[in-house]
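Note that this is a predicted model, so its numbers are computed, not measured. Letters A, B, ... are given to chains in the order of the sequence lines, protein chains preceding strands, and every chain is numbered from 1.
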Amino acid sequence: KNQVEQSPQSLIILEGKNCTLQCNYTVSPFSNLRWYKQDTGRGPVSLTIMTFSENTKSNGRYTATLDADTKQSSLHITASQLSDSASYICVVSYNTNAGKSTFGDGTTLTVKP
Amino acid sequence: GAGVSQSPSNKVTEKGKDVELRCDPISGHTALYWYRQSLGQGLEFLIYFQGNSAPDKSGLPSDRFSAERTGGSVSTLTIQRTQQEDSAVYLCASSLAGRRAGQPQHFGDGTRLSIL
């Protein structure tokens with residue numbers, strides 16, 4: 001079982017609408033959680049990073065939340081645009097000497113006009 | 001550009017052949033990572049370099065896979081005796097410091113490998 005579970009697996013919304021993507025993790029000890037955006041045919045690009053003490057962080061129309069107690073994170077996209085169509089990947093890193101990261105399988109978002 | 005560069009962008013080869021994939025990280029980045037992404041799947045970690053050393057090779061799927069990094073810069077991922085299940089996109093990423101620093105990984109656009 002993957003230690004980082006994302007939902008939904010895929011999502012279709014209309015342009016201008018909002019959406020929320022979920023990430024649940026069991027990684028322990030926790031160091032940080034990062035959301036990446038991966039456009040088709042491209043490498044992932046970092047959107048936000050959340051550490052243990054942070055609850056909310058925004059990057060333009062993207063807002064990430066973190067509940068370290070329940071080990072859940074969400075990525076909220078406001079006023080979606082066609083260019084938001086991509087895969088969104090949640091990555092959780094360990095707070096150990098190794099600092100290893102575990103990747104979720106991603107949520108594929110399609111924004112339709 | 002100043003981003004991570006991977007070559008070739010596409011590679012088609014016959015089963016049983018050896019392939020070499022190249023990654024040029026961002027200048028000054030000490031950490032380098034290789035991942036594999038099969039069609040419609042998530043990223044699968046292969047290997048992590050800190051400088052020229054690879055403290056974590058735990059993701060390499062078999063002894064047909066190997067990687068090296070020289071001069072703290074360019075890295076090459078080699079797959080020997082390729083199999084059809086090796087078909088995937090191979091992504092390289094680099095970060096300014098090692099994994100513990102929590103710095104973002106900057107990814108290249110990958111090499112799409114197809115084994116016939």
Using non-hydrogen atoms only, which part of A/Gln6 is less than 4.5 Å away from chain B: side chain, backbone, both, or neither?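 Neither part.
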
Atom group of A/Arg34 that falls short of 4.5 Å from chain B, counting heavy atoms: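 When you check distances to chain B, only side chain atoms of A/Arg34 fall under 4.5 Å.
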
Derivation of the side chain to side chain contact (heavy atoms under 4.5 Å, CB included) call for A/Val45 and A/Tyr36: CA-CA 5 Å; A/Val45 175; A/Tyr36 284 85; 5.5 Å; no

Part of B/Leu91 lying under 4.5 Å from any heavy atom of chain A: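 Just the side chain, heavy atoms under 4.5 Å.
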
Need one label for B/Ser58: side chain, backbone, both or neither, based on atoms under 4.5 Å from any heavy atom in chain A.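 For B/Ser58, the side chain is the part near chain A, not the backbone.
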
Before accepting this row, confirm whether a basic side-chain N of the pair A/Asp69/A/Lys71 lies closer than 4.0 Å to the acidic partner's carboxylate O.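 No.
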
Whether B/Arg64 and B/Asp86 form a salt bridge (side-chain N of Lys/Arg under 4.0 Å from carboxylate O of Asp/Glu) is what I want to check.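 So B/Asp86 pairs with B/Arg64 through a salt bridge.
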
What residue in B/His106, B/Gln105, B/Glu44, B/Arg112 has the most heavy-atom pairs under 4.5 Å with chain A?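 Winner by heavy-atom pair count: B/Gln105.
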
Residue among B/Gln41, B/Gln6, B/Gln103 with most heavy-atom pairs under 4.5 Å to chain A: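 Heavy-atom pair counts peak at B/Gln103.
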
Suppose we call two aromatic rings close when their centres sit under 6.0 Å apart. Are A/Tyr25 and A/Phe30 close by that rule?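 Yes; A/Phe30 has its ring centre under 6.0 Å from that of A/Tyr25.
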
Over 60° means perpendicular and under 30° means parallel, so classify the ring planes of B/Phe107 and B/Tyr35, tilted if in between.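 Tilted, since the angle between the ring planes falls between 30° and 60°.
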
